[in-house]
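To start, the structure under review is shown below, and the notes come after it.
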Number of protein chains: 2
Amino acid sequence: MSGKYKGMENGKESRCEQCIVRQFNSLRAMSKDELRKISETKTTRLVKKGEAIFEEGEKLNGVFCVRSGISKLSKLSANGKDQIVKLATKGEVLGQRSVIAEELSNLSAVAVNDMEVCYIPKDGIVNTLNTNPNYAVEVLRHMAHDLKEADDVIVNMSQKTVKQRVAEAFLYMKNNFGEDKDGFLSLSLSREDISNVVGTATESCIRIISEFKKKGYLKTSGKKIGIANEEGLIDLIER
Amino acid sequence: MSGKYKGMENGKESRCEQCIVRQFNSLRAMSKDELRKISETKTTRLVKKGEAIFEEGEKLNGVFCVRSGISKLSKLSANGKDQIVKLATKGEVLGQRSVIAEELSNLSAVAVNDMEVCYIPKDGIVNTLNTNPNYAVEVLRHMAHDLKEADDVIVNMSQKTVKQRVAEAFLYMKNNFGEDKDGFLSLSLSREDISNVVGTATESCIRIISEFKKKGYLKTSGKKIGIANEEGLIDLIER
DNA sequence: GCTTAAACATGACAAATATCATGTTTTGTT
DNA sequence: AACAAAACATGATATTTGTCATGTTTAAGC
């Protein structure tokens, strides 16, 4: 399968100053000069589907800026199950929290797709944080947003049924990762991954997906899943 | 019941520069001068048990620094139940997230005890954020910590049983709010509040507390609850 | 292309949890 | 002190969800 990594433009495009991805994240608040310095220290890396970018408990000496592909951020719980806390896509900066708090990573990041990420050693990040308030505030805004999202997830986890959470997961995937022209989700997660997002047993998740298909809420075509009746799903969530 | 508010030293003690509470939060990264300015704009307010400091959906024009007492931060879910996302105590700054993200508050803050809070209009906060990187980074560190905690809560919610979560709630209360000389928790929450922390039905919570008493994990004396066998609870959580 | 492992699927059952009903105790108010 | 309203408690039952078992389909490696 050649051309698999065609998303990567190497050589001349590899300077952060030119990178469009930057528009989506806090790096856009850096000055030209800061960005140039960062760019000199960064390295680009391809991560294949299933590979880890970093693991829970690992000490991170830098952050990872996602150029393409999607990563699942998960945490292993005492009972041996993974809980996916967030799905990160183009533009997101992984490991930022750990670097800022100067703690070991509390999450693992594993590629759900083939990915292209840039590794940025923490020195440049930390220096800029300490000298450029615009950048610090921008990072802060992103983190504030993440925190709100996390709070929302807490509420959903505790107050909604598994069925409702599965429905939400599909709407989330549609809204955040889009769908193709035939209405199938661009991101296709395994049933197991979905159950790890939702926080349920894989079998329960499979059953619910089957039910949703029967009821006409979802449609499938081979491996792909699509939303066939969005109102139906929304209805289900709100009751 | 006089002396109810004896925790409040009014007049001379009301300058932020002197406030011990500041040591616990990001305000300690402010310069003397910044702090003096903030202090001039702030107002102190007593909040009685059960009263709201702010409500979900409200626009916050400042933050609230907790001097004493405890507040529950909760969010109403579609099914009409409140989910308590966090309990905030002395030193915590409430509303910071909303002010930084320039969004309406996504949580309500209600006093669980009688409280004393200082209201700080956002201008001083925002100005300092934009000019003093030390302060911005300090706030960032706190937010990073909150985010980690929120992620942990997500994992607990989805992967642990109600019984385990109740056990954790009691250990949390002991570790964060302490106990009196007889080993009873300083913070006494109603069964309903506990169930809103844990994310379960009040009856389930009551039943589990009764069971824990029978098994000797918890002890009660009137309204007070204490941990009688910490190892027992820890054991329960880890299996 | 064949083989093997992983992913998907479904039934039967057990366990956890919510809900409803009802009663008791505690607390706060007049 | 009397009363009403919360808070606490417990039983009976329904519902949701997890677990185990087993089978089928799909995808990946040789």
Side-chain angles (χ1 to χ4, degrees), chain A residues 1 4 48-51 77-83 110 112-114 156-167 169 187-215 218-225 236-237 239, chain B residues 1 4 48-51 72 77-83 110 112-114 156-167 169 188-215 218-225 236-237 239:
Chain A
M1 202 186 281
K4 205 175 188 178
K48 288 212 207 90
K49 176 176 170 172
E51 273 180 22
S77 93
N79 63 15
K81 285 189 186 163
D82 255 340
Q83 173 66 34
V110 171
V112 166
N113 288 169
D114 290 334
N156 282 341
M157 283 292 174
S158 63
Q159 305 286 4
K160 295 201 168 149
T161 65
V162 172
K163 213 173 282 188
Q164 290 175 315
R165 272 141 55 202
V166 172
L187 172 62
S188 71
L189 289 180
S190 70
R191 306 289 197 267
E192 190 182 0
D193 278 342
I194 297 173
S195 68
N196 288 344
V197 168
V198 167
T200 189
T202 307
E203 296 96 320
S204 300
C205 186
I206 289 174
R207 256 184 262 273
I208 290 169
I209 291 174
S210 299
E211 186 194 326
F212 283 178
K213 276 201 294 192
K214 271 189 207 114
K215 291 197 174 153
L218 296 177
K219 61 184 178 183
T220 57
S221 165
K223 189 87 187 160
K224 307 236 91 187
I225 303 187
L236 197 73
I237 292 169
R239 88 180 35 150
Chain B
M1 202 186 279
K4 208 173 186 178
K48 288 213 206 92
K49 176 175 172 174
E51 274 181 22
K72 55 180 177 183
S77 96
N79 62 16
K81 285 188 187 165
D82 255 340
Q83 173 65 35
V110 171
V112 165
N113 287 170
D114 290 335
N156 282 340
M157 282 294 174
S158 63
Q159 306 287 5
K160 296 202 167 146
T161 64
V162 172
K163 213 174 279 188
Q164 290 175 314
R165 270 141 55 202
V166 172
S188 70
L189 289 180
S190 71
R191 306 290 196 267
E192 190 182 0
D193 277 343
I194 296 173
S195 69
N196 288 343
V197 168
V198 166
T200 189
T202 307
E203 297 95 321
S204 300
C205 186
I206 288 173
R207 258 184 260 274
I208 290 170
I209 290 174
S210 299
E211 187 194 326
F212 283 179
K213 277 201 294 192
K214 270 188 207 115
K215 292 196 174 152
L218 295 178
K219 61 184 179 183
T220 57
S221 164
K223 190 88 187 159
K224 305 236 93 187
I225 303 187
L236 197 73
I237 292 169
R239 86 180 37 150

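Below, chain A is the first sequence line, B the second, and so on; all start at residue 1. What you see is a predicted model; the values in this text were computed from it and never measured.
At the phosphate of C:dA18, OP1 or OP2 sits under 4.0 Å from a side-chain N or O atom of B:T200. Using a 4.0 Å cut-off, some side-chain N or O of A:S210 falls inside it from OP1 or OP2 of C:dT10.
Going from atom NZ of B:K224 over to atom C1' of D:dA7 covers 17 Å, rounded to whole Å. In this structure, CZ of B:R165 is placed 13 Å from C1' of C:dA18, rounded to the nearest angstrom. Put simply, CD1 on B:I194 is 8 Å from P on D:dC8, counting in whole angstrom units. Note: CD1 (A:I225) to C1' (C:dC8) measures 10 Å, nearest angstrom. Taking atom CG on A:N196 and atom C1' on C:dA7, their separation rounds to 14 Å, with Å as the unit. Remark: P of C:dA9 and CD1 of A:I206 are 6 Å apart, rounded to the nearest angstrom. To the nearest angstrom, C1' of D:dT15 lies 14 Å from CD of A:E211. Here D:dA9 presents its P atom at 13 Å from CD1 of B:I208, a figure rounded to the nearest Å.
Residues A:D193 and A:S190 form a side-chain contact, since some pair of their non-hydrogen atoms from C-beta on lies under 4.5 Å apart. With contacts defined as side-chain heavy-atom distances shorter than 4.5 Å, the pair B:R191/B:I209 qualifies. Residues B:M157 and A:S158 are in side-chain contact: their nearest non-hydrogen atoms beyond the backbone lie under 4.5 Å apart. For the pair A:E192/A:N196, a side-chain contact is recorded, criterion being any heavy-atom separation below 4.5 Å from C-beta on. Using a 4.5 Å cut-off on side-chain heavy atoms (C-beta onward), A:K163 and A:L236 make contact. Annotation: side chain of A:K213 is not in contact with side chain of A:K219 (no heavy-atom distance under 4.5 Å).
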Quiz prompt | Worked verdict on A:E203 versus A:R207 for side-chain contact (heavy atoms from CB on, under 4.5 Å) | solution = CA-CA 6 Å; A:E203 296 96 320; A:R207 256 184 262 273; 3.9 Å; yes
Self-check item: Check against side-chain contact (heavy atoms from CB on, under 4.5 Å), B:V110 and B:E51
Solution: CA-CA 6 Å; B:V110 171; B:E51 274 181 22; over 6 Å; no
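No contact: B:T202 has no heavy atom under 4.0 Å from any strand.
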Could you run down the sub-3.5 Å N/O contacts of the protein with nucleotides 19-25 of chain D?
from, atom 1, to, atom 2, distance (Å)
D:dT19, OP2, A:K81, NZ, 3.2
D:dT19, O4, A:R207, NH2, 2.8
D:dC20, N4, A:E203, OE2, 3.4

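Between the side chain of B:N113 and the backbone N or O of B:K49 there is no donor-acceptor pair closer than 3.5 Å. Panel note: side chain B:Q83, backbone B:S77; no donor-acceptor pair is recorded below 3.5 Å. Under the 3.5 Å distance criterion, the side-chain polar atoms of B:T161 are matched with a main-chain donor or acceptor of B:Q164.
Listed by residue number, there are no residues of residues 156-164 of chain A with a heavy-atom contact under 4.0 Å to DNA chain C.
The rotation axes computed at either terminus of the helix from C:dG1-D:dC30 to C:dT30-D:dA1 lie 50° apart, taking five pairs at each end and rounding to 10 degrees.
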